[in-house]
Amino acid sequence: MESVLFPGRTQAIKHPCSSFSSLSCRNNVRFLASMPSSTSRLRVLRNEMGLRFSKAKIASRWQRIISKACLDSLERYMVKPGNVFGHSVEESLVEKVTPMLGTDVPLKYSPGLAFPLGASEAENGINFAIFSRHASCVTLCLSIFGREKGQEICDGMVEIALDPQKNKTGDVWHICVEVSTEVLSEVTSRRSSDVALGDVTREGRRRLPRHDVVFFYMRRRHRQRSEATSFFFFLYATSISPKRYTEQYIEMYHSVYHTVLYQRIIEISVRYEIAYLEFNIARLNFDLYRANFPLILNCFCCLKYVMHFGLICSAYIIYILIGLSRSGILYGYRIDGPQEKEQGHGFDNSIVLLDPYAKLVSGRKWFGDVANKMSKFLGTYDFESMPFDWGPDYKLPNIPETDLVIYEMNVRAFTADESSGLDPDVRGSYLGVIEKIPHLLELGINAVELLPVFEFDELEFQRYQNPRDHMINTWGYSTLNFFAPMSRYASAGGGPLVASHEFKQMVKALHNAGIEVILDVVYNHTNEANDRHPYTTSFRGTDNKVYYMLDLDNGAKYLNFSGCGNTLNCNHPVVMELILDSLRHWVNEYHVDGFRFDLASILCRGTDGSPLNSPPLVKAIAKDAVLSRCKIIAEPWDCGGLYLVGKFPNWDRWAEWNGKYRDDIRRFMKGDCGMKGTFATRISGSADLYQVNKRKPQHSINFVIAHDGFTLYDLVSYNFKHNDANGEGGNDGSNDNFSWNCGVEGETDDVDVIGLRSRQMKNFHLALMISQGTPMMLMGDEYGHTRYGNNNSYGHDTSINHFQWKQLEERRGGHFRFFCEMIKFRHKHPILRRDRFLTKSDVAWHEDNWSNHESKFLAFTLHDDQFGGDIYLAFNAHDYYVKAAVPSPPHKKRWHRVVDTNLESPKDFVPEGVPFSDTSYNIASYSAVLLEAKP
């Protein structure tokens, strides 16, 4: 049968040069279907419609693309203002689009609301609100062209200047822009021969005329294995009835994509045949602005054509849309104000700023894409997607703090390495974590503490020439925004919406596996650097004087308690509320179970940087109703010397990274003198630090290794840091590591040194798992990961940080097995995780010479009064054997050797135990023993 849409052709519509198997709608409209017949008419139309752009090159692009011949042809079919749907276009525009605030942008908007801050869905549109106390002018910028493949900076923005008389309440600037409103819509799905444009109706709406004109743009892109062609249709319902078919071709070749662009002018008759049509409303309305298409449009439709093997069916939707899309629009702000930097201001209206309250952030698509290292970061939103399905049987793990075993890990580094065996599009993503949950379960941990997952710029070091410009920030301690999940942790470069969805998938999967999710959050500084090399992206340009601590007596320079160039003004009421809003957002929207606060002592400083005894923010977090179910953990120090281990303001809620536990356990294990008593205190729960008010042993987060510093393998392999690769001349990273290389610096083939290192790693893990308090271990220590002595590897997106799955397999039967069994042992024995501090009846210390400074041996028995399952432990940090007396077991019990770190696997850990009846045990140098009383 002959096609009516393409006379003289059969149903399978094909380009004369080739066939194609699929046609896909793209988001790169490059010209208007309703273009005037001359360049001057174009300029006049743009002025009359009132669009204002941040870049003037858009119009010139149309002039290059659209030939005069095409414009002349288009003039014949332009929509006339005389009669559309029986109404005057000009009258309709006057009624529906009332210019406000002195701007001529053709959008319908109202003053909006001051709260909530950020982009939110209001009853009549999208509400935008931003705080800026000292600003004199705020302009909302909305994207037209958005981001395309290979394009990292928006080509154009529609800008709306906010009137301080109408769009400002207190210190909050706000505006509400109407969303896309549906004037006419209907879905028709029939056999192609039955489809008539005049049949597209909706109750209470006028019927479309029987004769209409469709202008469409076709983009044909050659691919390696297939060809795709995209059509963008703009449909005009007019009173004109063209009597003949007109077709005009314009071809233009794009050097990068080898793209052929076509524009055709076609009359659609009463009945026509088309290929399968699919419509994406979000993309359509987004394209309205991308195409610089004013409201003179009365009716249009965007049809996504898919052709396959010549099969034809019909289904289409026709919409009239005015306003913003409810999803996918990129936005930011230009903010101007006082220019006196010495007074603390940082305004620069040449920069489009990221909204501090943006819930999603769009930047470069791929992690570490150096070709787009100068990418702009803009806010976006999604009010169109269905709520995430957490599932009918979903529930929060709610694991008691006493039962936690925390695994500190980096989302990207966990699966980025090829040895993970994952698809390249999944490596280093939230979905990658899901794929490796079986490993976490086998290891036995029940909580993951994720290194920063808030949006950050991993290429911040490469913005200008400097000694670190080869680095990629893989740890993420440089926050751009406190509400948005890291978009480049989405699979396949999916972007912010995909990242948000996949983050929830990850949390859901972990929760279903019984694993809690704790986020490492950085509320002490941002990515905006220092006074010398400012990197203005958001807070600095929004209101520098509010968001940062400044030394107003020294030219308003940044106070630097973070070591990163700036310090967030955490206890300023506005900043405090932002932090609380951020925390609640992650709990309510993403269901996270807790937070570890990086350099949390900064949260205890006033606006001038001085320490506070009762910091408002710390108290507010402890007392907040939404956060009441969450674990809250402080890193109780900062780079300004405010060391608060054991003294962090807590309201009996805050736990702490116990830095003294780390240091004291390291010093005892490597054989430092005078550490026996301190070692005993630390493994008993650090009562000297935490037995205050209602604090419990679990408020001590015990750790030997964390992300910053040596790995466990490096702790027993290096005496000195080796940070030359960081580009700072070895000046970065801690010099106080309390490490011991066991006789040789770095890698060695000496079997005795290798054996000693293996024992020491097992000793550390044993001590950690039998200590009262909450244990935390680092990703990779379960197989002995090395960074080759680099104790500050934040900038290496390589095997230095990446989990090596091949090495895990090689060491599964030895080192990894011991780590797994020790964690399981802790879970099975409640006396290792009491919710109160030890008393004399709980422990017997087999020691009568505590004052001996040279003693490096400690033995003790933990009593199980309920079941009689006592546990005997002995640690020998001497370089010689110690023959230790073993106490009698409880009545009707006998000792079983479970652990001897001096033995090779699998004898080093025997879960069921090996019966032991001697009265003494000869404990090897630098080794430990665990005996369990059993029937």
Side-chain angles (χ1 to χ4, degrees), residues 401-406 645-646 655-691 695-706 712 715 738 759-777 819 822-823 825-827 829-847 850 855-864 869-878 882 884 887 898-901 923 926-932:
E401 288 177 294
T402 53
D403 297 340
L404 286 179
V405 177
I406 300 173
V645 173
E656 298 175 17
W657 267 25
N658 190 344
K660 291 186 177 181
Y661 179 97
R662 174 198 59 203
D663 297 343
D664 293 341
I665 299 297
R666 288 183 179 190
R667 293 185 64 191
F668 175 83
M669 287 296 183
K670 76 185 187 73
D672 283 2
C673 295
M675 294 304 299
K676 180 170 63 175
T678 306
F679 176 74
T681 300
R682 296 292 161 252
I683 62 177
S684 300
S686 297
D688 61 325
L689 301 175
Y690 300 108
Q691 196 171 12
R695 303 194 85 180
K696 303 292 181 65
Q698 59 265 29
H699 288 128
S700 171
I701 305 298
N702 300 328
F703 68 103
V704 177
I705 303 296
L712 184 59
L715 183 68
F738 303 114
R759 293 203 304 275
Q760 285 289 73
M761 287 190 284
K762 289 187 286 187
N763 292 339
F764 277 117
H765 189 59
L766 172 63
L768 180 64
M769 289 301 146
I770 61 90
S771 295
Q772 303 297 320
T774 303
M776 183 190 79
M777 62 173 292
F819 271 55
M822 199 61 242
I823 294 173
F825 187 87
R826 178 180 177 83
H827 286 314
H829 294 80
I831 63 172
L832 300 178
R833 42 191 172 84
R834 300 179 189 269
D835 64 351
R836 57 176 175 79
F837 290 96
L838 298 180
T839 64
K840 291 183 178 181
S841 62
D842 296 324
V843 59
W845 300 101
H846 308 305
E847 179 63 57
W850 290 101
S855 177
K856 304 172 186 178
F857 179 86
L858 180 68
F860 59 96
T861 299
L862 294 173
H863 298 305
D864 182 0
D870 287 9
I871 295 175
Y872 171 86
L873 288 144
F875 292 88
N876 181 16
H878 286 290
V882 171
V898 177
V899 175
D900 187 338
T901 61
I923 302 173
Y926 300 110
S927 66
V929 171
L930 184 154
L931 308 178
E932 181 181 4

*Approximate separation, where rounding is to 0.5 Å, of F703 CZ and I406 CD1*: 11.0 Å
*Salt bridge flag under 4.0 Å for residues E847 and K676*: yes
_Atom pair CD1 (I701) and OG (S686), whose distance is rounded to the nearest 0.5 Å_ = 11.5 Å
*Are V405 and M769 close enough that some pair of their side-chain heavy atoms sits under 4.5 Å apart?*
yes
*Indicate whether the side chain of H846 and that of T861 have a donor and an acceptor atom separated by less than 3.5 Å.*
yes
*To the nearest 0.5 Å, tell me how far F875 CZ sits from T901 OG1.*
8.5 Å
*asked:* Any side-chain to backbone donor/acceptor pair from H765 onto K762? Under 3.5 Å, distance only.
replied: no
_Quick one, I871 and L832 - any side-chain contact, counting heavy atoms below 4.5 Å?_
yes
*asked:* Parallel, tilted or perpendicular: which one describes the rings of W845 and F860, with boundaries at 30° and 60°?
replied: tilted
*For residues D403 and H827, report the shortest heavy-atom separation together with the two atoms involved.*
O-CE1, 3.8 Å
*asked:* One pair to check against side chain to side chain contact (heavy atoms under 4.5 Å, CB included): M822 and I770. What are the steps and the verdict?
replied: CA-CA 9 Å; M822 199 61 242; I770 61 90; 4.0 Å; yes
_Closest contact, heavy atoms only, Y926 versus A877_ = CE2-O, 3.2 Å
*For the residue pair A767 and M669, what are the closest heavy atoms and their distance?*
CB-CE, 3.7 Å
*asked:* Donor-acceptor pair, distance only, cut-off 3.5 Å: does the side chain of D842 make one with the backbone of T839?
replied: yes
*Which heavy-atom pair separates G646 from R695 by the least distance, and what is that distance?*
O-NH1, 4.2 Å
*Would you sort out whether D835 and T402 count as a side-chain hydrogen bond (donor to acceptor under 3.5 Å, both in side chains), showing the intermediate values?*
CA-CA 6 Å; D835 64 351; T402 53; over 6 Å; no
*Determine the minimum heavy-atom distance between D688 and R682, stating which atoms define it.*
OD1-NH1, 2.9 Å
*Atom CG in L689, atom CG in N658: separation rounded to 0.5 Å?*
5.5 Å
_Between M777 and I823, is there a side-chain heavy-atom distance shorter than 4.5 Å?_
yes
*asked:* I'd like to check M776 versus W657 (side-chain heavy atoms, cut-off strictly below 4.5 Å). Are they in contact?
replied: yes
_Please determine whether side chain to side chain contact (heavy atoms under 4.5 Å, CB included) holds for the pair T678 and R667, giving the CA-CA distance in whole Å, both sets of side-chain angles, and the decisive distance to 0.1 Å._
CA-CA 10 Å; T678 306; R667 293 185 64 191; over 6 Å; no
*asked:* Working to the nearest 0.5 angstrom, can you tell me the gap between I705 CD1 and I665 CD1?
replied: 12.0 Å
*Please report the shortest heavy-atom distance between G685 and Y690, naming the atom on each side.*
O-CD1, 4.1 Å
*Check for a donor-acceptor pair, side chain of R666 on one end and backbone N or O of F764 on the other, with a separation under 3.5 Å.*
no
*Step by step, would you call Y661 with L768 a side chain to side chain contact (heavy atoms under 4.5 Å, CB included)?*
CA-CA 10 Å; Y661 179 97; L768 180 64; 3.9 Å; yes
_I need the F668 CZ to L858 CG distance, nearest 0.5 Å._
5.5 Å
*Give a yes or no answer on whether the side chain of Q772 reaches the backbone of R836 with a donor-acceptor pair at less than 3.5 Å.*
no
*I would like to know whether I923 and F857 meet side chain to side chain contact (heavy atoms under 4.5 Å, CB included); could you show each step before the answer?*
CA-CA 10 Å; I923 302 173; F857 179 86; 3.7 Å; yes
